[in-house]
Every structure is written in C-alpha cells, then in structure tokens.
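Have a look at the structure below, then the notes.
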Amino acid sequence: MKDEKVVIVLGDISHFLFMPLQEKFPTRVYNMGICENALISVAAGLGAQGFHPFVHTINPFLTERCVEQIKDDLCYNCFGANIVSTGASFDYAWDGATHHCYGELAILRMLPGMEVTQPGNRKELDTLIRSQYNNGRPTYFRLSDHGHNLDVPVQFGQANLLKDTGSKLTVMTAGPILGNVMEAVRDLPVNLVYFSTIKPIDREMIARFKHTKILVVHDAHGLQEAIHEVPDLSVSYHGLPDRFCVWYGTVHDIRRQIGLDPAGIRQAVQTRLAAIR
Amino acid sequence: MAAMTPFCREIRRNILMASRTSGHGHIPTSFSVVEMLCAAYDTLRHNPQEPQWPERDIFILSKGHAALGLYAVLAQYGYLPAEELKTFGTFQSRLGCHPDRLKVPGVEVSTGSLGHGIGVAVGMALAFRIAKSPRRVVTLIGDGEANEGSVWESMMVAANLKLNNLTVMLDFNRSQVRSLQIPNPADRFKAFCCDTLEVDGHDLEALKAALVKPAETVKAIVAHTIKGCGCPTLANNVFEWHRKSPKPEELEFLMKELEAA
C-alpha cells in the first residue's frame, strides 16, 4: 500500500484474501471480528486522526445494521472512512433474505455528508475508489461479484449517457444490472442513462431528459429516490417487489423471478414504449 | 467518601446555575462525573489555549447526556467562559444538551447516542499506536450505557488489540437499578481481559492515581459514584431529578446542600 494512511478493517470477511497484505503491513490490516457496529466506530476514530480506513464485510451487516454508527460517528462528526460492502442485492441469493441487501443505498444517501457509489464492475470500482478514498469524507462503495462486462468510462458524481435516440422514453439504471438492461434495450428506440454514483446524483443529466418519460430499472433502492432531486419528472419503475425474495439459487434465478433478466426488462420497456406511442 | 474539593464544588455550583437559567440539564448524572472529568483533565496532556494542539491526549465523553458536567469542567479549565454556561440548551448556544465537537472547544467527539463514543475512542487509540504516537485516549461511559452491546464489542476489540493507550472509565452510579443492572462491572471488565481498577469515583487523587498507572492492555476504571453527589435531595430522588431544572426555591435549597457537602 503506497499510501501509508490507508488502514484495512475487516469484519472477518475476505480474511484469507488480505492475508498477504496483512503479512506485509501488519500494522495496517486488521481482522477485527464479527462486530460491525464497533468496526464503523473504530473506523471513525481512525479517520478522525488522519487515516483513510477501509471497513469491509458483508453488506447488510455493515450498512443496514450500522446505520446509526454511520450517521453519528461518521457523518455527524465529519470523520472520513470508506465503507466497502460485499454482497450486492441478490449476490448471496442462496443464503436467503437475511443476506439480500437492496435498501442500503437509499438509506445511506439520506445521511448528510455521505457519498454513495454503486459501481457496476471492478474497473468502475477501481476508478471510484482512487477518486474518493482519501477525501476525508464518509464514502460508500458497493462490491458485487456479478458485475457487468461493459466498458463505461465512469467518473464520480457523473452519469453516463449510453444511448441517445431522441426517444420519448429514457431508461435510467445503476450498478451491475446494467448488463441485463443493455442486452434488453440494445435495439430498442430508448435513451439509456447509467449511474455509478447515487450521491451526489448527476442532476444535470436527469434534467436533460426531463421532457421524456423515465423508466428506472433497478435491483436496489437508491437511484429511484435520488432521481427525484430533480422536480416534476414523470417516472415509473421496474424491478424490486415490495416483499422479501424468498427463493434461493443464484442471483440470475432471482433476477429472472422478479423480471430483471434481459427478457423481463425488455418486456417492461416495450410496454412503456407502447403506452407513449 | 473523599471530601469534595472547592474546585469541584464550584463546578457543581455552575452546573446548578446553568440548569436553572436554561431550564435543561441532567444534573444528577453530571454531578456523578465531576471528579472523574477533573481527574482526566488533570492527568491528560492538553492545552485550553490551543484545543487542537496536535500532541494532545484525547478525552471522549461517551455518555453524552452528562454534557452539562463536561461544559462546566471545560469552563473551569479555561476552554469556555463560565458565563457561557447560562446559554446551555438555547437555540443559538454552542452548548447543547449533548456535546458537538464542531461547536465546543475541547469536545473531541459529538456524542449523545449511547455506545458510540467508546468505539471511536478505540479507533483513535489504534490510530495513535499505528502512528507510534505517545498520545493517550480516555473515554467515560455510564452504567446505563453499558447496557449497549456496542460497548462490549468495543471492549473486545480494544482488549484483543491490547490497546494500553486507552482507558475506559465507568461511571458506576447504579442508574440502572431501574432496569438492566450490571452488578459486577469489575468482574465483567476482567472477563473481557481488561486491566481493571476500582476506585471511589469522588476521590480525585485516587482517580488520578488510577489514570496514570501503567497498564499492559486496555485499562478499565470502575468508579463507584453517587448520582447527584453533593446534594442529598438529588442523590435520594434520582428518578425525579433525572432530567429536571430546579425552580428558584429549589436552587437555593440545593446550593445550601452543596455548601454543606
């Protein structure tokens, strides 16, 4: 680690992955145990003293369990830390609803001073982390092991316009589900806007499509709420149901079940297209 | 119990006055921590003229609801004008009923929600160790606060890291007699592998001796205290006075009790 201010705090996840780093930098890599509330507070203390901590463990335990630590110890105190979760949305499909996590982006974006990212793949994560990790602010990075395979030149706080057809329908999406969305709409007459940052949201890009109908395709809350920072939009949604997804299998199984596979997304987009013609 | 020093009596007077003027205040809990706070500020390296002095040690009031006690102590040590205590809890005051580090000189962490400051203290102590700094961290928690699981998570992490630059002071004023008691806190700290001491929490010299005593690992000081110490009316009626401002005639009576203590 070139930056001597970086400290890794693990919640007993990815331990073996970080062992070589821990051997090389024993004072800067800690597997602190399964105690997420304390991990966030400890990170706040490290951040308060000028370090750039990375706190890492499984998504719902690191974020939803620790909302108050993130709110008080990081945001309210203005102490910086990087919160890096693993297990986006239905990545741990087989583990059931306790391990599914699709609400944390929406929760964290409500906290003053919080930066919230939703990278779609490793390359995007790399870009966003390098851009933000040492700015002294609390920043959330959401890892997924099912990233999309598109090459999108992301920048923190900026959306990417991937299709501009002059259509009256604009699809907006974020994170790894972009792969399925792109496959679904590649040949359809829609605009497509992609977000890798949820907070701050790129209002300018949203406003550009204010005159169109907007369809948010999502496998996590956050984007749909953030979009409404721009007033007077006409928005509908496709994706998450208001019930627990109580199936197992793989992320692909659950996406198919709730209509977030390419066929399900395509059908939803075509339905909206038919309605505005 | 040790006799109250004039310095600590003056602090308690200021707490009563501020509570009376503002209409706010957790007086009994603030009274129970006065000697603990003074012992901390007497033994830590700090500079009221330069609150952000880079070499300073850190004190964190994890039980943030004793903020009025902290403000009165900070005023006595020169961080604040004593006159400012009268603004406590008012709209534009710097002095809220829980402390804000971005407003009050000498406050290192904004606290209020219980079980948070102690975890931040662990992080700061770890930061000082990584930086090979001699700086120390002292945090003060309450026995009610010790109901929170995050307190014990933090203790486990600190003990596992053997953070001997961290001291956790427990204000054992038995406030939890009403709900979830911790009858044997010293045994619990020992079970959590802390270097554990027990002292009279109103004995300034004993507290200071405990604070400066070297430790092999994280140090826990169980301070036996009396909620409302100095005013029998408060100490014998802690539930009535938990969060209450005295009326003029009550203030007069409490002041008399305090002078007699």
Side-chain angles (χ1 to χ4, degrees), chain A residues 1 3-12 22 25-55 57 61-62 65-83 111-113 136 138, chain B residues 52 54-58 60 62 64 96 98-104 107-133 135-137 139 141 148-163 165-166 168 192 218:
Chain A
M1 290 187 282
D3 188 336
E4 293 186 351
K5 291 293 185 185
V6 167
V7 179
I8 310 286
V9 175
L10 305 174
D12 205 25
Q22 192 173 32
F25 303 101
T27 65
R28 291 196 285 132
V29 181
Y30 298 90
N31 183 4
M32 283 193 181
I34 307 168
C35 48
E36 296 82 8
N37 291 162
L39 299 189
I40 296 289
S41 299
V42 166
L46 287 163
Q49 296 304 327
F51 286 94
H52 308 310
F54 283 75
V55 200
T57 191
F61 320 139
L62 186 60
R65 175 176 295 174
C66 297
V67 169
E68 202 191 13
Q69 274 75 19
I70 298 170
K71 171 196 160 200
D72 289 352
D73 303 350
L74 293 173
C75 296
Y76 178 43
N77 270 287
C78 298
F79 293 146
N82 300 290
I83 301 169
L111 301 178
Chain B
Q52 293 300 308
E55 300 304 314
R56 74 193 185 281
D57 294 328
I58 299 287
I60 298 170
S62 197
H98 297 95
D100 185 334
R101 78 172 193 91
L102 300 175
K103 291 182 178 175
V104 187
V107 171
E108 300 283 0
V109 177
S110 306
T111 54
S113 181
L114 296 176
H116 287 242
I118 184 173
V120 181
V122 174
M124 289 191 183
L126 177 59
F128 296 153
R129 172 187 284 179
I130 297 170
K132 295 184 170 61
S133 164
R135 297 173 69 188
R136 298 166 55 213
V137 182
T139 185
I141 65 171
E148 297 283 1
S150 57
V151 165
W152 301 102
E153 284 187 6
S154 300
M155 293 307 300
M156 282 194 291
V157 170
N160 191 43
L161 293 168
K162 293 188 168 51
L163 291 174
N165 58 350
L166 172 66
V168 177
F192 275 69
V218 56

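Note that this is a predicted model, so its numbers are computed, not measured. Each chain gets a letter, A, B and so on, in the order the sequences are listed, and its residues count up from 1.
When atom types are taken as modelled, the side chain of A/Gln49 and the backbone of B/Ala127 share no donor-acceptor pair closer than 3.5 angstrom. In this structure, A/Asn77 contributes its side chain and B/Ser110 its backbone to a donor-acceptor pair below 3.5 Å.
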Could you go through the side chain to side chain contact (heavy atoms under 4.5 Å, CB included) check for B/Arg101 and A/Cys78 one step at a time?
CA-CA 10 Å; B/Arg101 78 172 193 91; A/Cys78 298; 4.0 Å; yes
Quick one, B/Arg129 with A/Thr27, criterion side chain to side chain contact (heavy atoms under 4.5 Å, CB included). Give me CA distance, side-chain angles, the key distance, then yes/no.
CA-CA 9 Å; B/Arg129 172 187 284 179; A/Thr27 65; over 6 Å; no
Mind running side chain to side chain contact (heavy atoms under 4.5 Å, CB included) on B/Thr111 and A/Asp72 for me, showing each step along the way?
CA-CA 8 Å; B/Thr111 54; A/Asp72 289 352; over 6 Å; no
Test side chain to side chain contact (heavy atoms under 4.5 Å, CB included) on A/Tyr76 and B/Asp100; report intermediate values, then the result.
CA-CA 9 Å; A/Tyr76 178 43; B/Asp100 185 334; 3.5 Å; yes
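To the nearest 0.5 Å, atom CG of residue A/Asp73 and atom OG of residue B/Ser113 are 8.0 Å apart. To the nearest 0.5 Å, atoms CG (B/Leu126) and OH (A/Tyr30) are separated by 4.5 Å.
Screening B/Val109, B/Val120, B/Ile118, B/Val157 against A/Ser41 for a side chain to side chain contact (heavy atoms under 4.5 Å, CB included) leaves a single residue, B/Val120. Checking each of A/Leu39, A/Ile34, A/Asn37 against B/Glu153 for a side chain to side chain contact (heavy atoms under 4.5 Å, CB included) leaves exactly one that passes, namely A/Asn37.
Contact of B/Leu161 with chain A is made through the side chain alone, with heavy-atom distances under 4.5 Å. With a 4.5 Å cut-off on non-hydrogen atoms, A/Glu36 touches chain B through its backbone but not through its side chain.
You'll find the side chain of B/Met156 stays beyond 4.5 Å of the side chain of A/Met32, heavy atoms only.
The shortest heavy-atom contact between B/Glu108 and A/Phe79 is O-CZ, 3.8 Å.
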